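Numbered from 1 within each chain, the chains take letters A, B, ... in sequence-line order. This structure is a prediction, so every number in the text was calculated from the model and none was measured.
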Number of protein chains: 2
Amino acid sequence: MAANRPVTLRDVARLAGVSVATASKALNGQPQVRAETRARVVLAAEQLAFSPNTFAQSLITQRSGTVGLLTSDLEGRFSIPILMGAEDAFGSGQTSVFLCDARGDTIREKHHLRALLTRRVDGLIVVGARPDTRASLGRDLPVPVVYAYAPSDDPADLSLVTDNVGGGRLAVDHLIRCGRRRIAHITGDPGYSAAQDRARGALDRLDSAGLELAGGEVWFGMWSEAWGRGATRMLLDRCPDVDAVFAGSDEIARGVLDVLHEERIAVPSRVAVIGFDNWNILAANARPPLTTVDLNLEQLGRTAAQRLSAAMDGHPASGTETLPVRLITRDSTAPLS
Amino acid sequence: MAANRPVTLRDVARLAGVSVATASKALNGQPQVRAETRARVVLAAEQLAFSPNTFAQSLITQRSGTVGLLTSDLEGRFSIPILMGAEDAFGSGQTSVFLCDARGDTIREKHHLRALLTRRVDGLIVVGARPDTRASLGRDLPVPVVYAYAPSDDPADLSLVTDNVGGGRLAVDHLIRCGRRRIAHITGDPGYSAAQDRARGALDRLDSAGLELAGGEVWFGMWSEAWGRGATRMLLDRCPDVDAVFAGSDEIARGVLDVLHEERIAVPSRVAVIGFDNWNILAANARPPLTTVDLNLEQLGRTAAQRLSAAMDGHPASGTETLPVRLITRDSTAPLS
DNA sequence: TTGTAAGCGTTATCAG
DNA sequence: CTGATAACGCTTACAA
């Protein structure tokens, strides 16, 4: 146990033979101090392994050098990459991140919010569990806030979301470029804006190519493999000549692949399949590995951190910023030969 | 913007018509203050929505009320439940958690460690990415440390790990109770202690039942569905009358199920399958839903937080504590009828 | 260029 | 029971 009293600026000053004031200036790179003196102070600080007491600093500067990350669903796979991107962008150089998980509970969220404000965080990132609009934390917070993934319902807030419409468009575009003409769309819970948006993007792109949706309609259901399997069976029944399926999630895509495999329908040669989310454990291990749309969540997290930094430096923004998604090509899609 | 000067204890004291000293005592529940006075102070504090400046408090008490969570792999599914359990146990009532992800990089870990110590955290939880032994952070840290999931290589440290041997035993025990006698074990990378331990537990339990491993050996390979599929094909070839497979992970189990399904071998009636990890997205969506061993990681996280609290309160511990795992029964196993 | 001294918002130790 | 007053470790005018 190194239980000796922590070394303070006084110790450094004493060792360097200067006053605490000069020591402080020297260490903080203030210009009004002789080079030789500064060197002596720096040396002393190093020798003593001095590290300034952040509480004392914060007490004066009114800045904690910390931000709060309020998430609603850590379990979920969406918060994590965002969180990593954010941590990344803050660089851990100056700002550290307080993590709080409200688990979808408003009470708990309020509680965490209080705790974070009590700790005097310099800013807040709020990460939702699903891409639907969520309630704003309010306008009277003493620190800037950025909403990521799930936008705030107050347009005065700054929200960062992924481009689900664009993703749907991108997926179908890819299938069309592969020469597919009879494209079906099987997706999840219609109560999710993500499901609606992806479908909208898909229909939009089909439209512009003068194509109709194979099967005649979007197959809304649930975000599960089982639904992917069930819907695919119905689809094959109604529309046996389908040559591509755009699945609204990788889970659903796994179900689709499963049934196609069962029916000995070759993928991608006869039917191409594309997923959504790029959930690696599902997409990369699929048979064949799944082409899918990546949400770029780390980038979302990085951007959130940047916007928050800007706001903390007095450059706030508002409105909803939509960030691009991207296509990950694997083996479940290929040009029609 | 509520940019008015934050309310301090002075404001409260003034409003209550007492000195700051008395106000402090009243708010901190010190006995030496008249009930009526205390009430007045508390009321004033509420009216002003006073919240004490934690920096000033920490400056005096030498306690930050924060702990650091140093993880090596946030992406991975293991850190998250541990992290949630820990957050849970700290209750966010008093202690907040700083999250840092080293991403398996020693340099980055050192860097984060410095940052956390600079922030004067009261304690540290280190979460490894895989259950193998990892390098200790060292003995000369100014705060207590608890290692979770991946034990430290220094026995003087306190490490909390899951019982992989017990898990292997538990899995095979369940299969035996289901009346299975020809049990095979397909598992992952033999370089992982988890693979070795689970196999050891399995062999141990087989032994005590006077049984041999079906297929004659443990099938070590990789932690992937593809390996699960490949190994199962070989297994069926060499040992067509196998009646149960213990898979070393849920991913592998998915591969096993896949091939059994392909070969029209009924699960669980002809062959029972059990996985490991209880990775919900894989286990619950499997066909049939997968019986598996749950690592109880949230509990591990909670215990880590408790041990750390104890250490912070002057009751340190050391050595390696092994926490029990548990069986999750779903439909891929059943008694032989 | 350096040092002195006044805070930052609390808590703790004393007298009253 | 209450109130000055001195810390806690640092930054920053202001003097020297």
Novice: Check the distance between C:dG9's C1' and A:Arg63's CZ and give it to me in whole angstrom.
Specialist: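 Value for this atom pair: 20 Å.
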Novice: Would you say B:Thr22 places a side-chain N or O within less than 4.0 Å of OP1 or OP2 belonging to D:dG3?
Specialist: yes
Novice: Using a heavy-atom cut-off of under 4.0 Å over every strand shown, decide if A:Gln32 touches base, sugar-phosphate, or nothing.
Specialist: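 Result for A:Gln32 = base.
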Novice: Specify the residue among A:Ala21 and B:Phe50 whose closest nucleotide of DNA chain C lies further upstream toward the 5′ end.
Specialist: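 Comparing both residues, the 5'-ward one is A:Ala21.
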Novice: Mind calculating the distance between CG (A:Leu27) and C1' (D:dT12) to the nearest angstrom?
Specialist: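 In whole Å, D:dT12 C1' lies 15 Å from A:Leu27 CG.
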Novice: Under 4.0 Å between a side-chain N/O of A:Asn28 and OP1 or OP2 of D:dT11, yes or no?
Specialist: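 Indeed, a polar side-chain atom of A:Asn28 lies that close.
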Novice: For B:Asp132 and B:Ser193, which I'm curious about, is there any donor-acceptor pair between the side chains at under 3.5 Å?
Specialist: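 Yes, a side-chain donor-acceptor pair sits under 3.5 Å.
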Novice: Between C:dG9 atom P and B:Asn53 atom CG, what is the distance in whole Å?
Specialist: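 That distance rounds to 7 Å.
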Novice: Centre of B:Tyr192's six-membered ring, under 6.0 Å away, within 45 degrees of the axis: is that where NZ or CZ of B:Arg130 sits?
Specialist: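 Cation-pi check for B:Arg130 and B:Tyr192: passes.
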Novice: Which nucleotide wins on minimum distance to the side chain of B:Val18, given the candidates D:dC10, D:dG3, C:dG9?
Specialist: D:dG3
Novice: Measure from CD1 on A:Ile60 to C1' on C:dA5 and round the result to the nearest Å.
Specialist: 13 Å
Novice: So, OP1 or OP2 of D:dT2: does either fall under 4.0 Å of a side-chain N or O from B:Arg34?
Specialist: yes
Novice: Testing the 3.5 Å rule here: is there a donor-acceptor pair between the side chains of A:Ser64 and A:Arg120?
Specialist: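 Per modelled atom types, A:Ser64 and A:Arg120 side chains form no pair under 3.5 Å.
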Novice: Going by atom types alone, do B:Ser136 and B:Asp157 pair a side-chain donor with an acceptor below 3.5 Å?
Specialist: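 Side-chain D/A pair, B:Ser136 to B:Asp157: present.
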Novice: Measure CG/B:Leu9 against P/D:dA4 and give the value in whole Å, please.
Specialist: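 Spelled out: CG on B:Leu9 to P on D:dA4 is 14 Å.
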Novice: For C:dA12, take OP1 and OP2 only and decide whether either is under 4.0 Å from a side-chain N or O of B:Gln30.
Specialist: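 True: B:Gln30 side-chain N/O within range (under 4.0 Å) of C:dA12 OP1/OP2.
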Novice: Starting from P on C:dG9, measure out to CG on B:Leu48 and report it in whole angstrom.
Specialist: 14 Å
Novice: Describe the nucleic acid contact of A:Ser24 in one word from base, sugar-phosphate, nothing, applying a heavy-atom distance below 4.0 Å.
Specialist: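 Base contact - A:Ser24 has a heavy atom under 4.0 Å of at least one base atom.
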Novice: Given that B:Glu36 and A:Pro52 both sit by DNA chain D, which one's nearest nucleotide is further toward the 5' end?
Specialist: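 That would be B:Glu36.
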Novice: For A:Lys25 and B:Ser19, find the nucleotide of DNA chain D closest to each by heavy atoms; which residue's nucleotide sits nearer the 5' end?
Specialist: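 Per heavy-atom nearest nucleotide, the more 5' residue is B:Ser19.
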Novice: Within the structure, does a side-chain N or O atom of A:Thr37 lie under 4.0 Å from either OP1 or OP2 of C:dT2?
Specialist: yes
Novice: Between B:Arg40 (CZ) and D:dC1 (P), how many Å, whole number?
Specialist: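 Result: 14 Å.
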Novice: Without decimals, in angstroms, what is the distance between B:Phe55 CZ and C:dT11 P?
Specialist: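 Interatomic distance, CZ of B:Phe55 to P of C:dT11: 14 Å.
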Novice: Between A:Arg119 and B:Thr54, do the side chains contain an N or O donor and an N or O acceptor separated by less than 3.5 Å?
Specialist: no
